[in-house]
Structures are given as structure tokens and as C-alpha cells.
Number of protein chains: 2
Amino acid sequence: MGWEDVRAEVLRRIRARDWLPGAMIPNEEALAQEFGVARATVNRALRDLAESGLLERRRKAGTRVAALPVRRATLEIPVIRQEVEARGQVHAFRLLDERMALPPVPVAGQLGWASGAAKLYLETLHLADGKPYAHETRWLDPVHLPDPRPDFASISVNEWLVTHVAFATGDIAFAAEAADPRSAEVLGVPQGAALFVTERTTFTAESAITFVRLIHAPGYRMVTMV
Amino acid sequence: MGWEDVRAEVLRRIRARDWLPGAMIPNEEALAQEFGVARATVNRALRDLAESGLLERRRKAGTRVAALPVRRATLEIPVIRQEVEARGQVHAFRLLDERMALPPVPVAGQLGWASGAAKLYLETLHLADGKPYAHETRWLDPVHLPDPRPDFASISVNEWLVTHVAFATGDIAFAAEAADPRSAEVLGVPQGAALFVTERTTFTAESAITFVRLIHAPGYRMVTMV
DNA sequence: CAGTGGTCTAGACCACTCG
DNA sequence: GAGTGGTCTAGACCACTGG
């Protein structure tokens, strides 16, 4: 009887409605005795179920079955090259633009960059088997780059950052947007086409590193297994 | 020195590039000695970092810093009512259609339903402060419903399922799609508008329960904190 | 203040897998 | 075969928080 068995049995009782949504379940010590395992083993199992949103735990208050379970889905976000290669296709990219420029106010604001400070703008087209796969536009604080800058025409910005900059946190957002003229041209789709967009902001402990928008070619789906 | 401190210190060394991407790090016992904690405490910290994709661990092989860290983002997918109420708005919904019908072949196929078997089709419009929020279309195997069926005009299908059916697993997909005539009409947007679509398939241990498409009103964003 | 979960420890054995 | 992570145990103390 390992912790995964304990988890399975608890899960079974929830599913069988032995323990109803919103109801308390026995405390760790009671379950440990019933299953004949140490309390730490029960703790491990219940902690896991709580992390996945099926249980709610509070000291002193005890453990209850979540009334309205929040589904938690984990997305894996690999570098684009891996994503393309995982589909059995060949990845390539073209650096379309690279220059210092003033970031738009909303971007500077979200990243906490002083307005009026020029940052590095990079525009890249990713290809899968030679066909447009994603249109990437990125603002990057050059303070995180060595002098001279890496040659982003030969190594993708993202891969350089991932292997050379210690990034800490960030947030990711997904949205559907109508293709603007530039993305439409680059991806070879009609203006206004519905495109899947990923936006990522990345910070180190102290300061913002980069803001990137990935505009995916039509048909892109993001899938998760629960 | 708790396990979170150990995790923080290991993270610091990765960020400081003391330990380079792809490189091995000391084993648990060595770290336990260095930090003056039990091996189980180090294990907890390293396991956590491995789950978030920063470390790769294998028995006998040891622990190494991930060469190309896979970002893992966790999405919380609450019931729509909670989502709307979290924005400080009032949730309401209207059941637009409810009937037995033959599901489209791709749907039946994905759910493992015999072709030619009629299932329950439900169409719902969700409102936030009275304005269209999401257009929901759903196929549901009535075998999971009591007789007579719940009154889905007064309790939303999703909430009924979540509190009454023990669902096990499922997958979730996100995509951008152009508004079809029906969704455009119901949501009050032009045909062809770019809309964010969520598709969920839900299974019990034995059989498929439901397939649901949520077509969100324009401007919808799905956000995650890493 | 008292009950519950959260964590730590020291030691042990097991499971996997590299060499 | 041997080294590493994975897990379990029994006991202890701590931290939070409900009554």
C-alpha cells in the first residue's frame, strides 16, 4: 500500500460518492490507521489530490471534497523547434527584423520599463517543413545580452535566452485575434483570419527580460491531457 | 532550513549558472550534508523543481539541470459561473436547445460512441451582466443522467455534471476559430470574427460522458501565472 | 487552546538503470 | 553489480486557525 494506492482509493471514494462534494473526510491519522500506513504516506496522497484541485485542506479545519472542483490542466510549453520536430517536421526560422526602437507604451508599462528607453525589437518567422508556422515579435531588454550581441540569425532568440539567461517567472496568455496586415502577409493568410496568439512576459528576480507574441498559423491547437 | 529554502538555494545556483544547463548536480546525500538537513528534505525540494521542468532526475543516473527547460504552466479552469463572478459580474444562462440527435461522426469517433446512436445535444448561451459571454454546444451521453433528466434550464449542465457525475479524466484543447453563422448570431458578432474556443472531452473510467465546445465572446483571454 | 495539516528526521529498504 | 533516486516508517515538533 503505497501513497499512490492511497490516492487511488480516496479518488475511488470520491467518484463513488461515498464522500460527497463539500463533505469532510477523515483526518490523516484515521486514514493512516485504516489503510495500515504511516501518516506521512496519507499526507502525500492527500496533498497530491489537493494540488490537483479535488480536495481542499486547511489546518485544524481538516480536509473536504471540493464542492466545485477546479480543473487544473498543465500545459507544456517547449521551445518552438522542439514543438515542430515533435510533429516530425523540419524547423527553420528567418530573422525578419532586428533593431533598437521605442516599445509601445502598454508593453513598456507591463514590463516596468522606463518610457523613452529604447529596447531591442526582433521579428522572426518560424517555418515547419518550409511553410509558415508562427510569426514571432519580441521586445527584449539588451541589458541581458553580451557585447557583441549573439547572432540571432543563426540561433533563435528564444533558445539563446533559455540557455543563457536565468529567468525566473513570467506569465502566459492565450487569445484569438484577427490577422493584422503584417502577420497576414508573413504567414500567407487573408487579413482578418482567426489566429491563435500566445503572449509571454518573462522576468528575472529583479527586472523584466522580454515580452514576446507568437502568432500561430491557422489550425494551431493547444492541447493538454488531464 | 526547510525544503523551500533548499529549493530556493538550488534555484539560485541554476540562475547564477553555478550549475549549467545539462550539467549534473550533486546527489541528494551530498546536498543534505552540505545544507545540514535530512535527505528527505532535499528530495522534496528537488522533486518539486523536477515537476516544474527545471531538473531532470533518473535513478542511478542522478540529477541534471534541464538543457532546454520545458515551461510548465498550470491553468485553472473553473466553472463558468465562478469565472464570471470572479470578474465581479452577474452570471446567467439561457438554454437554447435540448434534444436527442445523432452526433457528428468526428465527435462520436473521438468519444468512442457507436455510430447511429442518438445522444443528447444541448446548446447554452452564457451571459455576464446580461451580455453574451460564451456560446456552449455539448453532446452528452444520457446514460449518465437520472430519469427524469435534471432541468437544465435551471441548473447549468456543467454544474450538474460536476456535482453529480464522478468524472475521471479528459483532455482540453484551445484554438482560434472564425465565428460561424450560429455563434455569430448568438454572440452578436460579425461572421468570421476571431473567437477563442475551448473544447473539452470528459471520460469516466469506463466510458465517455460529454464533449463540449465553448465559443468565447471576443476579447476573451486565458491567462496563467507561472 | 486544542485539533489538524505541514514538515522534519534518521534510518531503512526498494526500484530502476547505467556502466 | 552498484549507485542513485523513490518511498516508507515512527516519532516529533511546529504553524495555523477554528471554536
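In what follows, every chain begins at residue 1, and chains take the letters A, B, ... in the order their sequences are listed. Atoms considered below: every heavy atom in the structure, side chains included; atoms not considered: hydrogens, waters and symmetry mates.
For A:Met24 and C:dG3, the CE to P distance is 14 Å, given to the nearest whole Å. With rounding to whole Å, A:Arg59 atom CZ is found 12 Å from D:dC13 atom C1'. Atom C1' of nucleotide C:dT4 and atom CD of A:Glu56 are separated by 16 Å, given to the nearest angstrom. If you take CH2 of B:Trp3 and P of C:dG6, they are 11 Å apart, rounded to a whole angstrom. The CG-P distance, from B:Leu31 to C:dC8, rounds to 15 Å in whole Å. A straight line from CZ of B:Arg44 to P of C:dC8 spans 8 Å, rounded to a whole angstrom. Here C:dG11 presents its P atom at 11 Å from CD of B:Glu29, a figure rounded to the nearest Å. A:Leu55 has its CG atom 15 Å from the C1' atom of C:dT4, to the nearest Å.
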message: Between B:Ile77 and B:Ile172, does the side chain to side chain contact (heavy atoms under 4.5 Å, CB included) criterion hold? Intermediate values first, please.
response: CA-CA 10 Å; B:Ile77 306 181; B:Ile172 307 181; 3.3 Å; yes
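Ring orientation note: the planes of B:Trp160 and B:Phe152 are nearly perpendicular, at an angle over 60° on the 30°/60° scale. The aromatic rings of B:Tyr220 and B:Tyr133 lie perpendicular to each other, with more than 60° between the two planes, well past the 30° mark.
Picking from C:dG5, C:dC8, C:dG3 the nucleotide with the shortest atom distance to the side chain of B:Thr41 gives C:dC8.
Between A:Asn43 and the phosphate of C:dG5, there is no side-chain N or O to OP1/OP2 separation shorter than 4.0 Å.
Taking only distance into account, the side chain of A:Arg39 meets the base of C:dT7 through a donor-acceptor pair shorter than 3.5 Å.
Closest-nucleotide positions on DNA chain C for A:Arg58 and A:Ala40 were compared, and the one nearer the 5' end corresponds to A:Arg58.
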